[in-house]
Amino acid sequence: QVLLVESGGGSVQAGGSLRLSCAASARTVTSYTMGWFLQAPGKNREFVAAINWSGGVTRYGDSVKGRFTISRDNAKTTVYLQMNSLKPEDTAVYYCAAAASRGWIATVTTAYDYWGQGTQVSVSS
């Protein structure tokens, strides 16, 4: 029902920056919470950041707070993740997700209804 497509991943040196984008196929996402999760090899998917429908409330995982910024442009049905001061431990596949729930900004994967295919981020030391 909702297609999410991530882009902007790549390979960078530690301390560098990347900007990820998530484009949605349906206007319904303008009323959804949007989130970013990461998954490293052999590990569970982990919360990175989320933003409510209006863009007025954001949440971040402890490991990225102060370095990453989530934002959205509802006119373009697109969500962004600006990643600064990247560390090797940030290396993972990053997934965009959408949750139809209007309340609390969820940090667990089970709360999200739609997922993108993921984009690889690799940070070398």
Side-chain angles (χ1 to χ4, degrees):
Q1 189 171 344
V2 177
L3 179 65
L4 304 175
V5 180
E6 302 97 333
S7 62
S11 182
V12 298
Q13 293 286 326
S17 297
L18 286 172
R19 180 179 170 87
L20 305 184
S21 298
C22 173
S25 65
R27 293 291 300 176
T28 51
V29 300
T30 60
S31 63
Y32 289 3
T33 294
M34 302 295 295
W36 289 95
F37 290 77
L38 65 82
Q39 188 165 25
K43 299 180 67 176
N44 292 329
R45 200 163 293 186
E46 299 179 3
F47 174 73
V48 176
I51 187 167
N52 79 328
W53 70 272
S54 69
V57 182
T58 58
R59 294 184 67 183
Y60 296 93
D62 290 341
S63 65
V64 306
K65 195 169 186 177
R67 299 188 297 123
F68 293 7
T69 303
I70 188 171
S71 61
R72 69 192 300 166
D73 184 343
N74 281 341
K76 298 180 179 179
T77 62
T78 300
V79 181
Y80 306 95
L81 185 69
Q82 179 66 48
M83 304 185 294
N84 297 326
S85 302
L86 284 162
K87 305 174 180 179
E89 52 262 44
D90 297 321
T91 296
V93 176
Y94 283 72
Y95 295 89
C96 177
S101 176
R102 303 293 188 92
W104 175 65
I105 301 177
T107 61
V108 295
T109 59
T110 52
Y112 288 80
D113 304 293
Y114 306 101
W115 294 86
Q117 82 289 346
T119 186
Q120 177 70 49
V121 172
S122 299
V123 185
S124 61
S125 59

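We're numbering straight along the sequence, starting at 1. Basis for what follows: all heavy atoms, side chains included, without hydrogens, waters or symmetry-related copies.
Nearest approach of Thr30 to Arg72, heavy atoms of both residues: CA-NH2, 4.1 Å. Looking at every heavy atom in both residues, Arg27 comes nearest to Thr77 through NH1-CG2, 3.4 Å. Scanning all heavy atoms of the two residues, the minimum distance from Met34 to Val29 falls at SD-CB, 4.3 Å. The two residues Tyr112 and Ala97 make their nearest non-hydrogen contact at CD2-CB, 3.5 Å. Counting all heavy atoms, side chain and backbone alike, Leu4 lies closest to Ala98 at CD1-N, 3.9 Å. Contact between Val2 and Thr28 at its shortest, heavy atoms only, is CG2-OG1, 3.8 Å.
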Residues 80-89, side-chain donor-acceptor partners within the protein, below 3.5 Å, at least two apart:
residue : atom : partner : partner atom : Å
Gln82   : NE2  : Asn84   : OD1          : 3.1
Asn84   : OD1  : Ser17   : OG           : 2.9

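In this structure, Ile105 and Thr107 have side chains that are not in contact, with every pair of non-hydrogen atoms separated by 4.5 Å or more. No side-chain heavy atom of Phe47 sits less than 4.5 Å from a side-chain heavy atom of Thr109. Contact check for Val79 versus Ile70: side-chain heavy atoms found under the 4.5 Å cut-off.
Interatomic distance, CZ of Arg19 versus OG1 of Thr69, reported as 10.0 Å (0.5 Å rounding). Separation of atoms CH2 (Trp53) and OG (Ser101) is listed at 14.0 Å; rounding is to 0.5 Å. Phe68 CZ to Thr58 OG1: the interatomic distance, rounded to the nearest 0.5 Å, is 14.0 Å. Atom CG of residue Leu20 and atom SG of residue Cys96 lie 9.5 Å apart, to the nearest 0.5 angstrom.
The other members of the hydrophobic cluster of Leu3, by chain and number, are Val5 (side-chain heavy atoms under 4.5 Å, ILVMFWY only).
Using a distance-only test at 3.5 Å, with no hydrogens or angles considered, no donor-acceptor pair links the side chain of Glu6 to the main chain of Ser21. Checked by atom type and distance alone, the side chain of Thr110 never pairs as donor or acceptor with a backbone atom of Val108 at under 3.5 Å. Using modelled atom types, no side-chain atom of Asp113 and backbone atom of Ala99 make a donor-acceptor pair closer than 3.5 Å.
Cation-pi geometry between Arg45 and Trp115 is met: the NZ or CZ atom falls under 6.0 Å from the ring centre, inside 45° of the normal.
Cluster membership for Val12 and Leu38, using ILVMFWY side-chain heavy atoms within less than 4.5 angstrom, is shared.
Taking the six-membered ring for Trp and the full ring otherwise, Tyr95 and Phe37 have centroids separated by 6.0 Å or more.
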